[in-house]
Amino acid sequence: PQLSAGSASIRNSVVALRTLLVDIYPPNLAEEGIQSALEDLMRRLEARDIDAQLTVHVDASHLANAAAGLIYRSAQEALRNVASHADASQVTVDVDLQGDTAILKVEDNGRGFSDEDRVAKTNNDHFGLRALSDLITDAGGRIVIRSQVGVGTRVLVEIPNAIHRREEDRQ
């Protein structure tokens, strides 16, 4: 029993350390690809017994580095909120490229929130989504958050993908 408990403790510590490292130093999206990076984020939810489904409809070579980075950061913040606040049993993440726009959708079936709740959290030092929204807006994109109490939340992020990675590599 002590050996089993020690093994479980070590496994949990390794998962916690990996999570911390990904938070501090995100993966190299150009090398690992957006799908692999998002799969790492999704594993955290599965460890909490949240059914997490990922669909990536775009080849990483078609995403500009800047767009891939914002997609990753957006998914990271949305999934962090799902894990911390949503009390969800399911979450889906979908990444697509439509024309010159990279699109991320994160949907959960959690408790949701009202507009008043969101304003109160923003005013009480909850900066994650606000900071992310500023980054996305600065890049010429947009973020739309729809939530309904008792139903869940949907985060939609659209980011211009005007410069493909192949063009960035030439610079």
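Throughout, numbering of the chain's residues begins at 1 and tracks the sequence.
- Not a single donor-acceptor pair under 3.5 Å links the side chain of Asp96 to the backbone N or O of Ile103.
- The nearest pair of heavy atoms linking Ala67 to Ala102 is CB-CB, 4.3 Å.
- In terms of heavy-atom proximity, Lys105 sits nearest to Leu156 at CG-CD1, 3.6 Å.
- Checking Val58, Val95, Val93, Val56 one by one against Ile71, the side-chain contact (heavy atoms from CB on, under 4.5 Å) holds for a single residue, Val95.
- Once rounded to the nearest 0.5 Å, the distance linking CG of Asp108 with OG1 of Thr153 reads 4.5 Å.
- Checking side-chain atoms of Asn109 against main-chain N and O of Gln90 turns up a donor-acceptor pair under 3.5 Å.
- The CZ atom of Arg146 sits 8.5 Å away from the CZ atom of Arg154 when rounded to the nearest 0.5 Å.
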Q) Hey, mind stepping through Thr55 and Thr92 against side chain to side chain contact (heavy atoms under 4.5 Å, CB included) and telling me if it holds? A) CA-CA 8 Å; Thr55 306; Thr92 60; over 6 Å; no
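- Between Leu104 and Ala75, the shortest heavy-atom contact is CD2-N, 3.5 Å.
- Contact detail for Ile34 and Ala68: the closest heavy-atom pair is CD1-O, 3.6 Å.
- Rounding to the nearest 0.5 angstrom, the gap separating the CG atom in Asn65 from the CG atom in Asn161 is 10.0 Å.
- Atom CZ of Arg80 sits about 4.5 Å away from atom CD of Gln76, to the nearest 0.5 Å.
- The two residues Glu46 and Ala52 make their nearest non-hydrogen contact at OE2-O, 3.6 Å.
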Q | Ile136 vs Ser74, side chain to side chain contact (heavy atoms under 4.5 Å, CB included): CA-CA, chis, key distance, verdict | A | CA-CA 9 Å; Ile136 292 168; Ser74 299; 3.5 Å; yes
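- Note that CD of Gln2 and OG of Ser9 are 13.0 Å apart. Values are rounded to the nearest 0.5 Å.
- Proximity of Asp134 to Thr137: side-chain heavy atoms (C-beta onward) are nowhere separated by under 4.5 Å.
- There is no path of hydrophobic side-chain contacts, each under 4.5 Å, that joins Val151 to Phe113.
- The main-chain N or O of Ile159 is never found under 3.5 Å from a side-chain atom of Thr101 such that the two would form a donor-acceptor pair.
- Distance check: Leu79 CG to Asp40 CG gives 12.0 Å after rounding to the nearest 0.5 Å.
- Considering all non-hydrogen atoms of both residues, Ala88 and Val82 come closest at CB-CG1, 4.2 Å.
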